[in-house]
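These notes concern the structure reproduced below.
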Protein chains: 4
Amino acid sequence: MTTAKQRREAIHDSIRDAAISEFARNGLSGTSTQAIARTAGITKAQLHYYITSKEDLYQQVLGEIVTHWKEIFFLSASCPDDPKAVIADYVRRKIRHALEHPEVARFFAHEIARGGLEMAAHWPALRLSVDEATAVIQGWVDAGRIRPVDPLLFQMNLWAVTQHYAEYEAQVRRLMDAPAPTPLNEARIVEEATALFLGRCGLLD
Amino acid sequence: MTTAKQRREAIHDSIRDAAISEFARNGLSGTSTQAIARTAGITKAQLHYYITSKEDLYQQVLGEIVTHWKEIFFLSASCPDDPKAVIADYVRRKIRHALEHPEVARFFAHEIARGGLEMAAHWPALRLSVDEATAVIQGWVDAGRIRPVDPLLFQMNLWAVTQHYAEYEAQVRRLMDAPAPTPLNEARIVEEATALFLGRCGLLD
Amino acid sequence: MTTAKQRREAIHDSIRDAAISEFARNGLSGTSTQAIARTAGITKAQLHYYITSKEDLYQQVLGEIVTHWKEIFFLSASCPDDPKAVIADYVRRKIRHALEHPEVARFFAHEIARGGLEMAAHWPALRLSVDEATAVIQGWVDAGRIRPVDPLLFQMNLWAVTQHYAEYEAQVRRLMDAPAPTPLNEARIVEEATALFLGRCGLLD
Amino acid sequence: MTTAKQRREAIHDSIRDAAISEFARNGLSGTSTQAIARTAGITKAQLHYYITSKEDLYQQVLGEIVTHWKEIFFLSASCPDDPKAVIADYVRRKIRHALEHPEVARFFAHEIARGGLEMAAHWPALRLSVDEATAVIQGWVDAGRIRPVDPLLFQMNLWAVTQHYAEYEAQVRRLMDAPAPTPLNEARIVEEATALFLGRCGLLD
DNA sequence: GATGAATGAGGGTTCATTCAT
DNA sequence: TATGAATGAACCCTCATTCAT
């Protein structure tokens, strides 16, 4: 038995999913509310009953994504004493997410490509996460646990590689001969990416 | 003395530049011919005199970019006997291009994010370039010149890292404290990226 | 203790007040049911439960106003033997009403400005009132109690002047240096207006 | 032979006329660009090619009207030595304008009824005109040329009466038995109105 | 070539109204 | 009664494109 509240939340969820998907494909200005409504399976007028405006929906989705990422994606300092485990774990988690929710990553890429205009409110928090991770990595270097690296750029490259499999999914699928419904070979991707960053740290066997 | 032909080409060039810049920011559907015309410094009507349609302009620009990249960017087998030199050179060239023409990289990223619909005609050629490079890298592995790597994914990761500094320029600038007019520290970026891929190959030090 | 009936009437009253206020400001087509509901302190859906339609609400309010005015505002022939008293009294009453309920006058002005389309049903009654007053005034003229005037136009001018202080309230306040919460100087307005019409009749000292 | 410039101006004129007429009937928010376009005899898209926005068109028309009125309508101090002539002339001119361009007066009335929100820029100039006229009238009083009056309210009443025949045209026509195409009896209206204000000043006969 | 004008389609959004709960 | 939801029409405005000049 579905309550009214559940129905409303279901609609809100499908709107959010549709918005991510459409914005990821065509950006803010390139996406019509018509398209979002169609993807969400509702009328355009109905969509506008649930949202304040297209811009607002975009902002809201962006906010949720950034919040979510701050929690999950920046180098968890939970067990910072084992660089190898931390890095391998991060790469695995990030790539899994990229393959499972590629639209989220693409949405974010779009926003940054536009200049990150709507990110204004979120930069400080992101910055904080990055600074924390930088400290952890620098600690590893200082302790001689990994080869000297540029901690900031090391993180960016981690980000670059893991995001890539979401953003360039279409190209990756072409080159890996895995057309759309076929799942991408996650293990293979994780393995090479992990080796890349461990190799940089001198932790590769 | 400017001939009529020269003037025409100058206009075509400024249209192409404007198109890249605008499409890079907002994608195909998010960009108006009005905006392109404005950036190119001409009238909307004048623009439509020079182009067939917005879609066609997009296709044409995409074609030029892909052609250009095929020439310049895939692992040049010119001196394939020195993996370290080839990789270092590739990273340097690619990052320089990313920093100098970030809109081009962003344009391409947009296209792939959309699913690469307009890329249909270009995939085979791209594939060919990749296959050639794959053979070269595999040769290095087989000859024991570099540590065993997944040649295809190795290339993708190269691509990912070098593209990143164009696509995420806004984020990179924020995190590297280099607001818009300031040039990004190219040497620092090149160095860390080079070390990343050489480290993977066991060629560091 | 409030009965259900009392509550219903209270809502109907606040709807009517809200309608007058909103219609007075923006006319029939320029007023949204949303705005009326907001001003009345109820939901849009609730409003539509109490009214048949926006047009109908407008008609109803217009009807009430016209009825009310017929009772109060046309030259009362109660003591028709003293022109000076009748005129002075009329001006005073009418201006007081204009200052106390300016929205009512503005509502009416809007309706007439639109061409009085919805007034169809009310013209005959208005006409009757005017004809009665015309007879009274003509009687005064014939009896030599006031200077000869055009009885119909005399009434219209009375109407014009007294309405003015409601319709042009914003302008009047500006020119009399009496911004919104400040009460307008009613005595001053009444005095000059009275003198105007008595002067016309030759009744000014 | 019509030049392009002439055609453009003709369109601009018909847009302005249509705008005045429609805004006068239904106010700013109650008027659709569709309606303006229809009245102007052009397409809605065509209308939007010539105007910036509905609000802007409204503002522009309002500005033109206010400017025009400042020039024509405030007590001309050209021959301030003959109160009777000045007042009679003013009433005649103002009523003629009201009968010939009633929509202009109605447009203005609408704007004031809304609170004169868009008038912000125009109040000072209006104030100046009024102050000048006030000085002139006070001069007449001081010189004993007219009976003592409240100069500001005297002007407002002048305004009220003369505007009335435009704003309440529909009602005036009903009561004067002059349905739409029939011209109103201007002479009769001017005569009674003139007598009204001259009577106030003690200048009748 | 260049430009002002025109247009039919579609953009985002609000509307008056109805309906189920 | 009251309210959240739904809807088709209409809102203002911009779009890509064409056409005369």
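In what follows, every heavy atom counts, from backbone to side chain, and hydrogens, waters and symmetry copies are set aside. All of these numbers come straight from a predicted model, not from anything done at the bench. Order of the sequence lines sets the chain letters (A, B, ...), proteins ahead of strands, with each chain counted from 1.
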Can you tabulate the close N/O pairs, meaning under 3.5 Å, that link protein atoms to atoms of nucleotides 13-15 of chain F?
{"from": "F/dC13", "atom 1": "OP2", "to": "D/K54", "atom 2": "N", "distance (Å)": "2.9"}
{"from": "F/dC13", "atom 1": "N4", "to": "D/K44", "atom 2": "NZ", "distance (Å)": "3.4"}

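- The ring pair (Phe, Tyr, Trp, His ring centres under 6.0 Å) check on D/Y50 picks up D/H12, with sequence neighbours excluded.
- Atom pair A/R7:CZ and F/dG4:C1' shows a separation of 10 Å (rounding to whole Å applied).
- No side-chain heavy atom of C/I51 sits less than 4.5 Å from a side-chain heavy atom of C/I36.
- Not a single ring pair (Phe, Tyr, Trp, His ring centres under 6.0 Å) links B/H48 to another residue, sequence neighbours left out.
- Under the side-chain contact (heavy atoms from CB on, under 4.5 Å) criterion, D/S32 pairs with D/Q34, D/A35, not counting sequence neighbours.
- D/R106 contributes no side-chain N or O that, together with a main-chain N or O of D/R25, makes up a donor-acceptor pair within less than 3.5 Å.
- Evaluation of the side-chain contact (heavy atoms from CB on, under 4.5 Å) rule for C/S53 yields C/E55, C/D56 as partners, not counting sequence neighbours.
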Dot-bracket line, read 5' to 3' along DNA chain F, where crossing pairs take [ ] and | marks a partner on another strand, Watson-Crick or G-U under 3.5 Å: .||||||||||||||||||||
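- First and last contacts of DNA chain E with chain D, using any nucleotide atom under 4.0 Å from a protein heavy atom and ordered 5' to 3', fall at E/dG4 to E/dG8.
- Residue C/Y50 has a polar side-chain atom (N or O) positioned under 4.0 Å from OP1 or OP2 of F/dT1.
- For A/T43, the side-chain hydrogen bond (donor to acceptor under 3.5 Å, both in side chains) criterion is met by A/Q46, not counting sequence neighbours.
- Side chains of A/T39 and A/E22: a donor-acceptor N/O pair is present below 3.5 angstrom, by distance only.
- Residues satisfying the side-chain contact (heavy atoms from CB on, under 4.5 Å) test with B/A109, not counting sequence neighbours, are A/Y168, B/E167.
- Phosphate proximity of F/dT7 to A/T43: present, with a side-chain N or O under 4.0 Å from OP1 or OP2.
- For D/E118, the side-chain hydrogen bond (donor to acceptor under 3.5 Å, both in side chains) partners at least two apart in sequence or on another chain are D/Q59, D/R114.
- Within residues 18-30 of chain B, no residue has a heavy atom under 4.0 Å from DNA chain E.
- Summarising the geometry, the separation between CD on A/Q46 and P on F/dG4 is reported as 16 Å, rounded to the nearest angstrom.
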What's the verdict on side-chain contact (heavy atoms from CB on, under 4.5 Å) for C/F23 and C/E111, showing C-alpha distance, side-chain angles and the deciding distance? CA-CA 9 Å; C/F23 284 141; C/E111 168 58 21; over 6 Å; no
Going through the distances and angles, do D/H122 and D/W69 end up as a side-chain contact (heavy atoms from CB on, under 4.5 Å)? CA-CA 11 Å; D/H122 306 295; D/W69 281 9; over 6 Å; no
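- Among residues two or more places apart in sequence or in another chain, the side-chain contact (heavy atoms from CB on, under 4.5 Å) test is passed with C/S29 by D/N26.
- We find that CD1 of D/I42 is positioned 15 Å from C1' of F/dC12, with the value rounded to whole Å.
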